[in-house]
Amino acid sequence: QYDHGYTTMLLPFILYEIFFNLFNLTINESNFIFIHSILGILSLTSIYYFLKLNFGFKKAIFAVILIAVIPTHIGFSRSHMGFVLIQSTFLFLSLSFLFNLIKEDKLKWKIGYFVATFFYIGADLSFFVGLFFHVLYIYLLKMEQGREEIIRTYKRIYFNFYTLVFIIL
């Protein structure tokens, strides 16, 4: 169906293996649906966290309730399209860590950001799409502070030791 390389197949299988072992499940159709339901809940949680950081509690709750009842999300949470749920979970989680990293330059936010981005990219070959969203997000957050601050933020986040390690991986 999708031939995007080894990591596209590897990451969902690793996560499936973790879930099957964690819940001590056998591999069958109903257990796949159970695992995709859990991934759907995790994706809603990461979307909520991202929206809460950016728009506040009320708007985040409203948006997550709306997303939860949309037939597309329900369908992805019940079908064998785990990579879509993995992407949505880790995209919003990586953007949330990026938000925290911009606010305070701490090691825990850097590691969280790069690990979440790694899992986001590992779910599909979407490196350039994800990088575009991250660069655009930084620009939108720092737009009012001027061009120099935007460039300084790009350098602080993307030109450091952790970025080199992440690129090598």
Side-chain angles (χ1 to χ4, degrees), residues 2-25 32 34-55 57 60 63-64 67-68 73 76-77 80-142 149-169:
Y2 296 99
D3 188 19
H4 294 306
Y6 184 67
T7 57
T8 305
M9 297 173 1
L10 180 64
L11 183 64
F13 287 132
I14 289 173
L15 291 176
Y16 287 142
E17 187 68 30
I18 290 170
F19 278 115
F20 279 117
N21 286 324
L22 182 68
F23 295 114
N24 199 19
L25 300 171
F32 270 116
F34 172 70
I35 288 175
H36 288 141
S37 299
I38 290 174
L39 286 172
I41 292 168
L42 290 175
S43 71
L44 289 174
T45 305
S46 69
I47 291 169
Y48 165 76
Y49 182 62
F50 171 74
L51 293 174
K52 184 180 157 213
L53 286 173
N54 289 281
F55 302 107
F57 175 77
V64 167
I67 292 169
H73 187 269
F76 283 144
S77 296
H80 294 298
M81 298 187 69
F83 64 91
V84 174
L85 294 171
I86 293 168
Q87 280 182 316
S88 66
T89 301
F90 288 109
L91 170 67
F92 288 104
L93 196 58
S94 68
L95 289 174
S96 299
F97 283 129
L98 180 60
F99 179 87
N100 289 323
L101 179 60
I102 289 170
K103 285 181 70 172
E104 54 181 347
D105 192 14
K106 291 191 175 181
L107 182 62
K108 66 180 180 179
W109 300 127
K110 283 183 185 180
I111 292 173
Y113 170 65
F114 286 117
V115 167
T117 304
F118 174 77
F119 281 116
Y120 166 69
I121 294 168
D124 195 14
L125 278 183
S126 52
F127 176 75
F128 293 109
V129 174
L131 183 63
F132 172 75
F133 282 135
H134 292 183
V135 169
L136 178 65
Y137 184 62
I138 292 171
Y139 176 79
L140 293 174
L141 285 176
K142 294 291 185 174
E149 181 61 28
I150 294 170
I151 293 170
R152 191 173 316 127
T153 304
Y154 286 143
K155 286 180 182 177
R156 181 171 55 94
I157 292 172
Y158 294 116
F159 299 110
N160 59 46
F161 173 75
Y162 298 102
T163 306
L164 293 175
V165 170
F166 177 73
I167 290 171
I168 291 171
L169 289 176

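Please read all numbers here as calculations on a predicted model, not as lab measurements. One is the number of the first residue; the rest follow in order along the sequence.
- Looking at L101 and F97, their side chains never come closer than 4.5 Å, going by heavy atoms from C-beta outward.
- The minimum heavy-atom distance linking V135 with Y158 is given by the pair N-OH, 4.3 Å.
- For K106, the salt bridge (charged side-chain N to carboxylate O under 4.0 Å, His left out) partners are E104, not counting sequence neighbours.
- Of the inter-residue distances, the one linking S96 atom OG with Y113 atom OH reads 12.0 Å to the nearest 0.5 angstrom.
- In this structure the side chain of N100 reaches within 4.5 angstrom of the side chain of L53, judged on heavy atoms.
- Note that CD1 of I35 and CG of L25 are 5.5 Å apart. Values are rounded to the nearest 0.5 Å.
- The OG1 atom of T45 sits 13.0 Å away from the CZ atom of F92 when rounded to the nearest 0.5 Å.
- Between K142 and T153, the shortest heavy-atom contact is CE-OG1, 3.6 Å.
- Listed by chain and residue number, nothing satisfies the side chain to side chain donor-acceptor pair (under 3.5 Å) test with Y48 (two or more places apart in sequence, or in another chain).
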Under the criterion side-chain contact (heavy atoms from CB on, under 4.5 Å), I'd like the reasoning laid out for Y154 against Y139: C-alpha separation, chi angles, the key distance, then a yes or no.
CA-CA 9 Å; Y154 286 143; Y139 176 79; 3.5 Å; yes

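- L51 contributes atom CG, which lies 6.5 Å from atom CD1 of I67 (distance to the nearest 0.5 angstrom).
- The shortest heavy-atom contact between A60 and K52 is CB-N, 3.5 Å.
- L98 approaches I157 most closely through the heavy-atom pair CD1-CD1, 3.6 Å.
- Between T89 and S46 the shortest heavy-atom distance is O-OG, 3.0 Å.
- Note that CG of L91 and CD1 of I47 are 8.5 Å apart. Values are rounded to the nearest 0.5 Å.
- At a threshold of 4.5 Å between non-hydrogen side-chain atoms, the residues N54 and L141 count as touching.
- The closest donor-acceptor contact from the side chain of S43 to the backbone of G40 lies under 3.5 Å.
- Among all heavy-atom pairs drawn from F90 and A116, the shortest one is CB-O, 3.5 Å.
- Taking the six-membered ring where the residue is Trp, F50 and Y137 present tilted rings, their angle falling between 30° and 60°.
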